[in-house]
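The structure displayed is predicted, hence computed values, not measured ones. Side chains included, hydrogens not; waters and symmetry mates left out as well; all remaining heavy atoms used.
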Amino acid sequence: MPVFRNLTKVAKQALLSTPVCGCQPLTVAVRTISFSPRQVTSDASFHSVSFSETDHPKVLITGGLGQLGVGLAKLLRKRFGKNNVILSDIRKPPNNVFHSGPFIYSDILDYKNLREIVVNNRITWLVHYSALLSAVGEANVALARSVNITGLHNILDIAAEHGLRLFVPSTIGAFGPSSPRNPTPDVCVQRPRTIYGVSKVHAELMGEYYHHRYGLDFRCLRYPGIISADSMPGGGTTDYAVQIFHDAIKTGKFECNLRPDSRLPMMYIDDCLRATLEVLEAPADTLSMRTYNINAMSFTPEELAQELRKQMPELEVTYNIDPVRQAIADSWPMDFDDSNARNDWGWKHDYDLPELVQTMLNYLGVETCMAHAN
Ligand SMILES: NC(=O)C1=CN([C@@H]2O[C@H](COP(=O)(O)OP(=O)(O)OC[C@H]3O[C@@H](n4cnc5c(N)ncnc54)[C@H](O)[C@@H]3O)[C@@H](O)[C@H]2O)C=CC1
Ligand SMILES: CC(=O)[C@H](N)C(=O)O
């Protein structure tokens, strides 16, 4: 990324030469930065391409083969048409995904490849899902820094250059041990202790900066831990809350890697994906902020196990604590205050713990019966 490095050097030099009382060199530095060959001009005011041009937005989802992307593509395709939503990832898609709508290879670290995709497909909305999550991020900090931070810079510049509406999810992991934990409001101290959390705070701040500086239509929701039946999580701290359903149905046993009293905010995937569509479609004047907490429920492993035992009284849960994940969970919010999302654009969850458990068991139970029948 030579351009970025050169600009950083220019900015540093200007800042170093700033007289104690003087603002002028800083102004010069900012102007210089704004003439990036990436075409983000200093006075540019970007707006997403209006729907009158295309009727429907043309959406690109990055990192689309993870826990959330395929479900989001399904929802967006139902609303905007199959061919208006392109899934992308660096992995090979399974057959059913490949045949369900447009899929292309896209590495978010490859800026030219991203630009080509956006230009050739006349993309108007970008949903940026690529990331390394909390636990895998701690296991590979260099890669997490590269994908979650350098990748985000590419995404921001592409979105700003082409006037895209940009959605980037953040997370409960963007908070840390010094944040208020019960509940955690939208605006408070954010000093996360994971590379994942640090990169998400960076994404929130950079997105908001591009919004104010360049008019980028940046929208961000802080998701809780997401629970889904037909897709597996990609290496986070809240993964236990998905795995427990699979193990309970398969073996009647589950070994949990968090303490029984670790309380974390959680959400069923359908609520998460609907919230994403709702905030993407919300009129700009309803958004008093650009980064919102959203929440549905909070529970501990013990409470989840108890709810499961209402249907599976024999379920055995044991605990074998993973110190890395436990330290992360202990630093995250226990409950999430999402009153701004509820007031501003009408966010409302559908699934509480009993409905979540019933829905997961119904889905996985039917899957298991079908697998046995085949
Ligand atoms: N699943 C959850 O519980 C939560 C997810 N989120 C956020 O939602 C987004 C999606 O999450 P998941 O689907 O769960 O993540 P995931 O870990 O399941 O999937 C991430 C995807 O990113 C892809 N990827 C990695 N490096 C890439 C690169 N260089 N270029 C393009 N793609 C690359 C991976 O191949 C993977 O398919 C992430 O940004 C995550 O931080 C936020 C809070 C909770
Ligand atoms: C809450 C998240 O962001 C994710 N599921 C993780 O546990 O890392």
Check which hydrophobic residues are tied to Val201 through side-chain heavy-atom contacts below 4.5 Å, counting indirect links as well, and list them.
Leu205

Are the side chains of Arg290 and Arg219 in contact, using a 4.5 Å heavy-atom criterion?
yes

Quick one: which of Glu204, His202, Lys200 gives a side chain to side chain donor-acceptor pair (under 3.5 Å) with Ser170?
Glu204

What is the minimum heavy-atom distance between Gly71 and Leu273, and which atoms define it?
C-CD1, 3.4 Å

Residues which pass side chain to side chain donor-acceptor pair (under 3.5 Å) with Asn140, listed by chain and number, not counting sequence neighbours
none

Point-to-point distance, once rounded to the nearest 0.5 Å, from CG of Leu60 to CD1 of Ile123
5.0 Å

Leu287 to Trp345 - nearest heavy-atom pair and separation:
CD2-CD1, 3.8 Å

By the definition side chain to side chain contact (heavy atoms under 4.5 Å, CB included), identify the one residue from Arg79, His56, Arg77 that meets it with Asn84.
His56

After noting the C-alpha distance and the side-chain angles of Met360 and Tyr268, does the key distance pass the side-chain contact (heavy atoms from CB on, under 4.5 Å) rule?
CA-CA 9 Å; Met360 289 290 289; Tyr268 184 56; 3.9 Å; yes

With side chains defined as the heavy atoms from C-beta onward, is the minimum distance between Thr291 and Arg222 less than 4.5 Å?
yes

Side chain to side chain donor-acceptor pair (under 3.5 Å) with Tyr223: of Thr171, Asn293, Thr276, only one passes, and it is Thr276

Hey, any chance Met206 and Ile195 share a hydrophobic cluster, counting ILVMFWY side chains that come within less than 4.5 Å of each other, even indirectly?
no

Met289 side chain near Glu208 side chain, heavy-atom distance below 4.5 Å
no

Is it the case that the side chain of Glu355 and the backbone of Asp352 share a donor-acceptor pair, with hydrogens and angles ignored and the cut-off at 3.5 Å?
yes

Side-chain heavy atoms of Asn113 within contact of Ser106, under 4.5 Å
yes

Would you say Asp239's side chain and Gly236's backbone share a donor-acceptor pair under 3.5 angstrom?
yes

Quick one: OG on Ser88 to CG on Leu126, what's the gap to the nearest 0.5 Å?
8.5 Å

Rounded distance (nearest 0.5 Å) linking atom NE2 of His211 with atom SG of Cys220
12.5 Å

Assess whether side-chain contact (heavy atoms from CB on, under 4.5 Å) is satisfied between Tyr196 and Leu132, documenting all intermediate values.
CA-CA 7 Å; Tyr196 178 57; Leu132 263 65; over 6 Å; no

Atom pair CE/CG of Met266 and Leu264 - distance to nearest 0.5 Å
5.0 Å

Check Thr124 against Pro57 and note the closest heavy-atom contact, atom names and distance.
OG1-CA, 3.3 Å

Regarding Asp157 and Tyr111, is there a side-chain donor-to-acceptor distance under 3.5 Å anywhere?
no

Residues two or more places apart in sequence or in another chain: which of them pass side chain to side chain donor-acceptor pair (under 3.5 Å) with Tyr351?
none

Give me the atom names and distance for the closest heavy-atom approach of Val70 to Val97.
CG2-CG2, 4.0 Å

Between Ser134 and Thr237, do the side chains contain an N or O donor and an N or O acceptor separated by less than 3.5 Å?
yes

Linking I/L/V/M/F/W/Y whenever their side-chain heavy atoms sit closer than 4.5 Å, directly or via other members, would Leu353 and Tyr363 fall into one cluster?
yes

Starting at CG of Asn148, measure out to CG of Leu152 and round the result to the nearest 0.5 Å.
8.5 Å

Show, in sequence, the C-alpha distance, side-chain angles and deciding distance for Tyr105 and Ile90, and conclude whether the side-chain contact (heavy atoms from CB on, under 4.5 Å) test is met.
CA-CA 6 Å; Tyr105 171 87; Ile90 51 172; 3.9 Å; yes

Say whether Asp247 and Gln243, considering side chains only, have a donor N or O and an acceptor N or O under 3.5 Å apart.
yes

Of all heavy-atom pairs between Ile321 and Pro323, which one has the smallest distance, and what is that distance?
O-CD, 3.4 Å

Would a single hydrophobic cluster contain both Phe175 and Val189, if residues Ile, Leu, Val, Met, Phe, Trp and Tyr are joined by side-chain heavy-atom contacts under 4.5 Å?
no

Is the closest side-chain heavy-atom distance between Ile226 and Pro224 below 4.5 Å?
yes

Sequence neighbours excluded, the answer for salt bridge (charged side-chain N to carboxylate O under 4.0 Å, His left out) partners of Asp89 is none

Tell me, do Leu280 and Val59 make a side-chain contact under 4.5 Å, heavy atoms counted?
no

Check the surroundings of atom CZ in Arg193: do more than 12 heavy atoms from other residues, nucleotides or ligands lie under 6.0 Å from it?
no

Establish whether Val198 and Val147 are linked, either directly or via other cluster members, by ILVMFWY side-chain heavy-atom contacts under 4.5 Å.
no

Looking at Arg145, I want to see if its CZ is surrounded by more than 12 non-hydrogen atoms of other residues, nucleotides or ligands under 6.0 Å.
no

Decide yes or no for Leu304 and Tyr240: does some side-chain heavy atom of the first lie under 4.5 Å from some side-chain heavy atom of the second?
yes

Co-membership, hydrophobic cluster, residues Val119 and Ile158, 4.5 Å side-chain:
no

Taking the side chain as every heavy atom from C-beta outward, state whether Tyr129 and Phe167 have any pair of such atoms under 4.5 Å apart.
yes

Of all heavy-atom pairs linking Ile149 and Ser199, the shortest is CG1-CB, 3.6 Å

Residue pairs passing the salt bridge (charged side-chain N to carboxylate O under 4.0 Å, His left out) test where at least one lies in residues 310-322, sequence neighbours excluded
Glu307-Lys310, Asp322-Arg325

Do any side-chain atoms of residues 330-339 form donor-acceptor pairs under 3.5 angstrom with protein atoms, and if so which ones, sequence neighbours left out?
unit_1, atom_1, unit_2, atom_2, d
Asp330, OD1, Arg259, NH2, 3.2
Asp330, OD1, Gln326, NE2, 3.0
Asp330, OD2, Arg259, NH1, 3.4
Ser331, OG, Ile328, O, 2.8
Asp335, OD1, Asn295, ND2, 3.1
Asp335, OD1, Ser298, OG, 3.4
Asp337, OD1, Ser339, N, 2.9
Asp337, OD1, Ser339, OG, 2.7
Asp338, OD1, Arg342, NE, 2.8
Asp338, OD2, Asn295, N, 2.8
Asp338, OD2, Arg342, NE, 3.2
Asp338, OD2, Arg342, NH2, 3.1
Asp338, OD2, Trp347, NE1, 3.1

Would you sort out whether Asp350 and Arg274 count as a side-chain contact (heavy atoms from CB on, under 4.5 Å), showing the intermediate values?
CA-CA 10 Å; Asp350 282 339; Arg274 181 172 52 80; 3.6 Å; yes

First locate atom CD1 of Ile294, then atom SG of Cys272, and finally report the distance between them rounded to the nearest 0.5 Å.
5.5 Å

